[in-house]
**Q** 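I'd like to ask some things about the structure below.
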Amino acid sequence: MSEQPKGIETLIEDVYMTLLEGYTSTEENEKTIDAFGESLKDLLRSRLVPRKKGGPVLRLSALGKPARQLWYDSKGHEREKMTGDKLLKFLYGDIIEEILLTLAKLSGHSVTSEQAKVKVAGITGHMDAVIDGHVVDVKSASPSAFKKFSQATLAVDDPFGYMQQISAYSEAVPNNEGVAFWAMNKVDGNMTLYQPSAAMLPDTQERVDELKEALASDTPPERCYDVEEDKSGNEKLAIGCVFCDFKKVCWADANNGEGLKGYQYKGVPFPLYLTKTVKKPRVDEIEI
């Protein structure tokens, strides 16, 4: 009797078991491992090639981004300069994705459509993979971001638009069995599988129409997030703004026209950006 195909519900335990007990050295598995090595070489080469400017603003991976952020990009405003630590973070995330997808294969799960090019509502993109019939987005996450997946709060706290992104990929794969975010805590190696229902996924065509209208305007859409006030009366950027490449131009009128002010506290992973400074922080101001 042939072995029953595995379901995505056992994906994580099967991967951990493979790590604990090892893999079976079959011809197919050896090819999988060889392919993993080739993928890492291609990945490193692609990340070390100078990044090209330009390209379409609307991509499936960008549909969940705030309209104002995309508006600045479409109008040619200068992005923040890319730094080495950011590029290393992206490379690390890509490597984690390759590792997890390879482990899924070695643990007996079906993995197809890796980085497949898809088109939905006239917009193109590349999805991560389909695992056991489910459209899967692989995420490497910090401990705090990991909680959004493990505690299933992403649907109500999604500053990077992951739900809109995976919804588009889902629409590109007819008759799929659902969607899933496969997230790994990059600090301790814990993994979780968050599977939002189809009813929770936003409509892609509706979002594309909304963004096209916004990008055609001569004036930027409303700001994406409200500022947050602390106990001293200072007003700071919300987390969604902190990681935006256009926060400097977007908040040029902050601090009575002086612009954003940034401060980096020791041990804090990202700077504090103030739009209103009542009490100056006790750390040196950084250049934005």
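Index from 1, following the sequence. Model, not experiment: these values are computed from the prediction. Excluded from the calculations below are hydrogen atoms, water molecules and symmetry mates; all remaining heavy atoms, backbone and side chain alike, are included.
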**Q** Hydrogens and angles aside, do D157 and T153 bring a side-chain donor and acceptor to less than 3.5 Å of each other?
**A**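 The answer is no; no qualifying pair exists.
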
**Q** Got a salt bridge between K41 and E38, using NZ or NE/NH1/NH2 to carboxylate O under 4.0 Å?
**A**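 Judged by the 4.0 Å cut-off on N to carboxylate O distance, K41 and E38 do form a salt bridge.
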
**Q** In this structure, are over 12 heavy atoms from other groups packed under 6.0 Å from D226 atom CG?
**A**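 No, not enclosed.
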
**Q** Could you check if a side-chain atom of P66 sits within less than 4.5 angstrom of a side-chain atom of W71, using non-hydrogen atoms only?
**A**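 The answer is no, as the side chains (C-beta and beyond) never meet within the 4.5 Å cut-off.
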
**Q** Could you go step by step and tell me if T24 and T26 meet the side-chain hydrogen bond (donor to acceptor under 3.5 Å, both in side chains) rule?
**A** CA-CA 6 Å; T24 303; T26 63; over 6 Å; no

**Q** Hydrophobic clustering (ILVMFWY, side-chain heavy atoms < 4.5 Å, transitive) - are V111 and M191 grouped together?
**A**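 Yes, because M191 and V111 connect within a single hydrophobic cluster, where side-chain heavy atoms sit under 4.5 Å apart.
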
**Q** Could you check whether any side-chain N or O of S167 sits under 3.5 Å from a backbone N or O of P202, counting only pairs where one atom can act as donor and the other as acceptor?
**A**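 Yes; judged by distance alone, with no hydrogens or angles, the pair exists.
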
**Q** For atom CG of D34, is the number of surrounding heavy atoms from other residues, nucleotides or ligands below 6.0 Å larger than 12?
**A**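 Atom CG in D34 is crowded, with more than 12 foreign heavy atoms closer than 6.0 Å.
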
**Q** Assess whether a salt bridge exists between K236 and D230, defined as any Lys/Arg side-chain N lying under 4.0 Å from an Asp/Glu carboxylate O.
**A**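 D230 and K236: not salt-bridged.
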
**Q** Spell out, as yes or no, whether a donor-acceptor pair under 3.5 Å connects the side chain of K212 to the backbone of D209.
**A**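 Checking the backbone N and O of D209 against the side chain of K212, no donor-acceptor pair under 3.5 Å is found.
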
**Q** Would you indicate whether the side-chain heavy atoms of V136 and D128 approach each other to under 4.5 Å?
**A**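 They are not in contact (no side-chain heavy atoms under 4.5 Å apart), so the answer is no.
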
**Q** Mind listing the side-chain donor-acceptor pairs of residues 271-279 below 3.5 Å, one per line with the distance, residues two or more places apart or on another chain?
**A**
{"unit_1": "T275", "atom_1": "OG1", "unit_2": "E235", "atom_2": "O", "d": "3.3"}
{"unit_1": "T277", "atom_1": "OG1", "unit_2": "N255", "atom_2": "OD1", "d": "2.9"}

**Q** Roughly how far apart are R47 CZ and L44 CG, rounded to 0.5 Å?
**A**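 The CZ atom of R47 sits 10.5 Å away from the CG atom of L44.
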
**Q** How long is the straight-line distance from CG of L63 back to CD of E206, given to the nearest 0.5 Å?
**A**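 Reported value, rounded in 0.5 Å steps: 12.5 Å.
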
**Q** Report the C-alpha distance between I99 and F36 in whole Å, list the side-chain angles of each, state the deciding distance to 0.1 Å, and finish with yes or no for side chain to side chain contact (heavy atoms under 4.5 Å, CB included).
**A** CA-CA 8 Å; I99 291 172; F36 169 70; 3.8 Å; yes

**Q** Starting from F160, can I reach Y169 by hopping between I/L/V/M/F/W/Y residues whose side chains sit under 4.5 Å apart?
**A**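 Both belong to a single hydrophobic cluster.
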
**Q** Would you say E30's side chain and S25's backbone share a donor-acceptor pair under 3.5 angstrom?
**A**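 Checked: no pair found.
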
**Q** Think K186 forms a cation-pi with Y92, using NZ or CZ under 6.0 Å from the six-ring centre and within 45 degrees of its axis?
**A**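 No - K186 does not lie over the ring of Y92 by the 6.0 Å and 45° rule.
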
**Q** Grouping I, L, V, M, F, W and Y whenever their side-chain heavy atoms are under 4.5 Å apart, do L60 and V179 come out in a common cluster?
**A**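 Yes.
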
**Q** Can you find a side-chain donor-acceptor pair between S61 and Q165 that sits under 3.5 Å?
**A**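 Their side chains do not contain a donor-acceptor pair, so the 3.5 Å distance test is not met.
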
**Q** Residues two or more places apart in sequence or in another chain: which of them pass salt bridge (Lys or Arg N to Asp or Glu O under 4.0 Å) with E97?
**A**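 Listed in chain order: nothing, the list is empty.
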
**Q** Carefully, step by step, assess E210 and R207 under the rule salt bridge (charged side-chain N to carboxylate O under 4.0 Å, His left out).
**A** CA-CA 5 Å; E210 174 187 314; R207 177 60 174 168; 2.5 Å; yes

**Q** Can you confirm whether N190 sits close enough to M184 that some side-chain heavy atom of one is under 4.5 Å from a side-chain heavy atom of the other?
**A**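 Sidechains of M184 and N190: no contact.
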
**Q** Contact between K247 and E80 at the side-chain level, heavy atoms closer than 4.5 Å - yes or no?
**A**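 Yes, at least one pair of side-chain atoms sits under 4.5 Å.
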
**Q** side-chain hydrogen bond (donor to acceptor under 3.5 Å, both in side chains) between E21 and Y16: does it pass, once the steps are laid out?
**A** CA-CA 9 Å; E21 298 184 351; Y16 283 143; over 6 Å; no

**Q** Counting only heavy atoms not in K86, do more than 12 sit closer than 6.0 Å to its NZ atom?
**A**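 Yes, enclosed.
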
**Q** What orientation do F270 and F243 show, parallel under 30°, tilted 30 to 60°, or perpendicular over 60°?
**A**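 Because their plane-to-plane angle is over 60°, the rings of F270 and F243 count as perpendicular.
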
**Q** Dump the intermediate steps for salt bridge (charged side-chain N to carboxylate O under 4.0 Å, His left out) on R223 and D253, then the final yes or no.
**A** CA-CA 13 Å; R223 284 187 172 129; D253 60 345; 2.7 Å; yes

**Q** Is there a donor-acceptor contact under 3.5 Å linking the side chains of S144 and S142?
**A**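 Short answer, yes.
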
**Q** Looking at K139 and W182, would you say the former's side chain and the latter's main chain have a donor-acceptor pair under 3.5 Å?
**A**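 No, the answer is negative, given that no donor and acceptor are paired below the 3.5 Å cut-off.
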
**Q** Under a 3.5 Å distance rule, please check whether Q264 uses its side chain to pair with a backbone N or O of V268 as donor and acceptor.
**A**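 Between the backbone of V268 and the side chain of Q264 there is a qualifying donor-acceptor contact (under 3.5 Å).
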
**Q** Output yes when R45 and D42 qualify as a salt bridge under the 4.0 Å nitrogen-oxygen rule, no when they do not.
**A**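 Result for this pair is yes, salt bridge flagged.
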
**Q** Filter on salt bridge (Lys or Arg N to Asp or Glu O under 4.0 Å), then keep only pairs touching residues 100-114, sequence neighbours left out; what's left?
**A**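 Salt bridge (Lys or Arg N to Asp or Glu O under 4.0 Å) check on residues 100-114 returns K105-E114.
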
**Q** Could you go through H109 and I8, starting from their C-alpha distance and side-chain angles, then the distance that decides it, and tell me whether this counts as side chain to side chain contact (heavy atoms under 4.5 Å, CB included)?
**A** CA-CA 8 Å; H109 289 265; I8 199 171; 5.7 Å; no

**Q** Working to the nearest 0.5 Å, report the span between CD of Q164 and OG1 of T204.
**A**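 One gets 5.5 Å once the value is rounded to the nearest 0.5 Å.
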
**Q** Run the side chain to side chain contact (heavy atoms under 4.5 Å, CB included) test on V173 and M127 for me, step by step, so that the C-alpha distance in whole Å, both residues' side-chain angles and the decisive distance to 0.1 Å come before the verdict.
**A** CA-CA 10 Å; V173 182; M127 60 188 298; 3.8 Å; yes

**Q** Any side-chain donor paired with an acceptor under 3.5 Å for N176 and H134?
**A**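 No, because no side-chain N or O of N176 sits under 3.5 Å from a partner of the opposite role on H134.
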
**Q** How many angstroms lie between CG in N29 and OG in S107, if you round to the nearest 0.5 Å?
**A**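 Reported to 0.5 Å precision, the distance equals 9.5 Å.
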
**Q** Does NZ in K147 sit with more than 12 non-hydrogen atoms of other residues, nucleotides or ligands closer than 6.0 Å?
**A**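 No.
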
**Q** CG/L70 to SG/C224 distance, rounded to the nearest 0.5 angstrom?
**A**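 With rounding to 0.5 Å, CG (L70) is 8.5 Å from SG (C224).
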
**Q** Just do the side chain to side chain contact (heavy atoms under 4.5 Å, CB included) check on I131 and L101 with the steps written out, would you?
**A** CA-CA 9 Å; I131 301 179; L101 292 177; 3.9 Å; yes

**Q** Should Y225 and L237 count as side-chain neighbours, where that means a heavy-atom distance under 4.5 Å?
**A**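 Result no, sub-4.5 Å side-chain heavy-atom pair not found.
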
**Q** Quick check against the 3.5 Å criterion: does S46 have a side-chain atom that pairs as donor or acceptor with the backbone of L43?
**A**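 Judged by distance alone, yes, a pair lies under 3.5 Å.
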
**Q** What about M17 and L103, same hydrophobic cluster or not, with Ile/Leu/Val/Met/Phe/Trp/Tyr joined at side-chain heavy-atom distances under 4.5 Å?
**A**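 Hydrophobic grouping puts M17 apart from L103.
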
**Q** Please determine which of R68, K65, R79 meets the side-chain contact (heavy atoms from CB on, under 4.5 Å) test together with D73.
**A**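 The option that passes is R79.
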
**Q** Considering residues, nucleotides and ligands other than D85, do more than 12 of their heavy atoms fall under 6.0 Å from its CG?
**A**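 Atom CG in D85 is crowded, with more than 12 foreign heavy atoms closer than 6.0 Å.
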
**Q** Can you find a heavy atom in the side chain of T124 that is under 4.5 Å from one in the side chain of K117?
**A**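 When only atoms from C-beta onward are counted, K117 and T124 do touch, with a gap below 4.5 Å.
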
**Q** Begin from the C-alpha positions of K6 and D132 and carry the test salt bridge (charged side-chain N to carboxylate O under 4.0 Å, His left out) through to its verdict.
**A** CA-CA 7 Å; K6 293 186 176 182; D132 303 325; over 6 Å; no

**Q** Quiz question: by atom type and distance under 3.5 Å, do the side chains of E78 and Y72 form a donor-acceptor pair?
**A**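 Side chains of E78 and Y72: no pair found under 3.5 Å.
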
**Q** Test your reading of the model: is there a side-chain donor-acceptor pair from N185 to the backbone of F146, 3.5 Å cut-off?
**A**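 It does not hold such a pair.
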
**Q** Under a 3.5 Å distance rule, please check whether D137 uses its side chain to pair with a backbone N or O of I166 as donor and acceptor.
**A**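 Absent.
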
**Q** Please determine whether residues I96 and I33 belong to a single hydrophobic cluster, defined as Ile, Leu, Val, Met, Phe, Trp and Tyr linked transitively by side-chain heavy-atom distances below 4.5 Å.
**A**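 I96 and I33: separate clusters.
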
**Q** For Y162 and F181, indicate whether the former's side chain and the latter's backbone hold a donor-acceptor pair under 3.5 Å.
**A**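 Checking the backbone N and O of F181 against the side chain of Y162, no donor-acceptor pair under 3.5 Å is found.
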
**Q** Taking K75 for the side chain and L215 for the main chain, is one N or O donor matched with an acceptor at less than 3.5 Å?
**A**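 Answer holds: yes.
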
